[in-house]
Amino acid sequence: MRVVIAGAGSVGRSIARELLSHDHEVMLVDRNPLAMRVAQVPEADWLLADACELSSLQDADVETADVVVGATGDDKVNLVFSLLCKTEFGVPRTVARVNNPKNEWMFDGSWGVDVAVSTPRIMTAMVEEAVAVGDLVPIFTFRQSGSDILEITLPRDSPLIGTRVGQIDWLADTALSTIVRDGRPIVPSDDDTLEGHDELLIVTGAGVDRAKLQRLLTGQA
């Protein structure tokens with residue numbers, strides 16, 4: 001997979017290193033000469049250019065990218081980069097970093113953003129997840145489809161304790177993705193039995209009633 005990342009700061013470089021470790025092809029684009037720390041990610045391709053300019057994106061061969069990532073610290077840049085890549089070059093997948101939560105409403109399909117990643121929102125979710133047993137916590141939203149990834153730690157008095165996954169009458173457009181037990185992820189089968197303090201990752205479609213899902217999982221609204 002070929003990935004073009006706008007923004008060669010600490011966030012962009014960290015993403016690049018992770019992708020390279022999984023054998024993906026990566027290019028980093030930044031207009032700031034001080035960001036050209038090529039020695040820190042020597043396996044990546046580097047381009048000193050403005051990611052909001054069409055000529056720069058042509059030089060980066062964005063049309064051959066499978067995914068682009070707007071990882072700069074400027075929300076305007078990430079939005080314009082995503083929009084140009086999607087509308088002018090037809091990039092299949094765009095991911096954009098949201099720096100200011102007040103701007104989150106703009107990071108959707110109308111600006112060419114397929115997936116918006118808001119660090120403040122993720123950190124908030126992690127805090128809530130750490131302190132709330134028995135509460136559904138939204139972890140991630142897919143902007144294009146409206147689907148959500150939710151997390152819940154099953155309380156020990158959940159009516160589902162001891163129940164096999166295949167026996168649960170799940171809500172429509174709801175899928176149990178992962179069970180985390182004792183720090184170990186389990187891909188659930190119909191024969192797996194739920195236990196107290198299991199962490200469940202659940203994917204839900206847009207419009208799923210979370211109150212009903214909460215009652216199903218805990219017996220309480």
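- No side-chain N or O of S56 forms a donor-acceptor pair with one of D50 less than 3.5 Å apart.
- Rounding to the nearest 0.5 Å gives a distance of 5.0 Å between CG of L194 and CD1 of I179.
- Using a distance-only test at 3.5 Å, with no hydrogens or angles considered, no donor-acceptor pair links the side chain of D173 to the main chain of G205.
- Shown here for R2 and D61, the closest heavy-atom pair between the two residues is NH1-O, 2.8 Å.
- Using a distance-only test at 3.5 Å, with no hydrogens or angles considered, a donor-acceptor pair links the side chain of N99 to the main chain of T72.
- Counting non-hydrogen atoms of other residues, nucleotides and ligands closer than 6.0 Å to CZ of R13 gives a total above 12.
- No side-chain N or O of D75 forms a donor-acceptor pair with one of N100 less than 3.5 Å apart.
- Although no hydrogens or angles enter the test, the distance criterion places no donor-acceptor pair under 3.5 Å between the side chain of K86 and the main chain of F81.
- Considering every non-hydrogen atom in both W46 and V41, the closest pair reads NE1-O, 3.0 Å.
- In terms of modelled atom types and a separation under 3.5 Å, the side chain of S158 and the main chain of L217 share a donor-acceptor contact.
- Exactly one of D135, V137, L136, I202 qualifies for a side chain to side chain contact (heavy atoms under 4.5 Å, CB included) with E151. That residue is V137.
- Between R184 and D182 there is no salt bridge, since no side-chain N of the basic residue sits under 4.0 Å from a carboxylate O of the acidic one.
- In terms of modelled atom types and a separation under 3.5 Å, the side chain of N78 and the main chain of R97 share a donor-acceptor contact.
- Using a 3.5 Å distance cut-off with no hydrogens or angles, the side chains of S189 and D191 do not pair a donor with an acceptor.
- Of the possible donor and acceptor atoms, one in the side chain of S21 sits under 3.5 Å from a partner among the backbone N and O of E18.
- D148 places no side-chain N or O within donor-acceptor distance of the main-chain N or O of L150, the cut-off being under 3.5 Å.
- Remark: side-chain polar atoms of D114 are paired, donor with acceptor, to backbone N or O of T94 under 3.5 angstrom.
- A pairwise comparison of heavy atoms in L171 and D209 identifies CD2-O, 3.7 Å as the closest pair.
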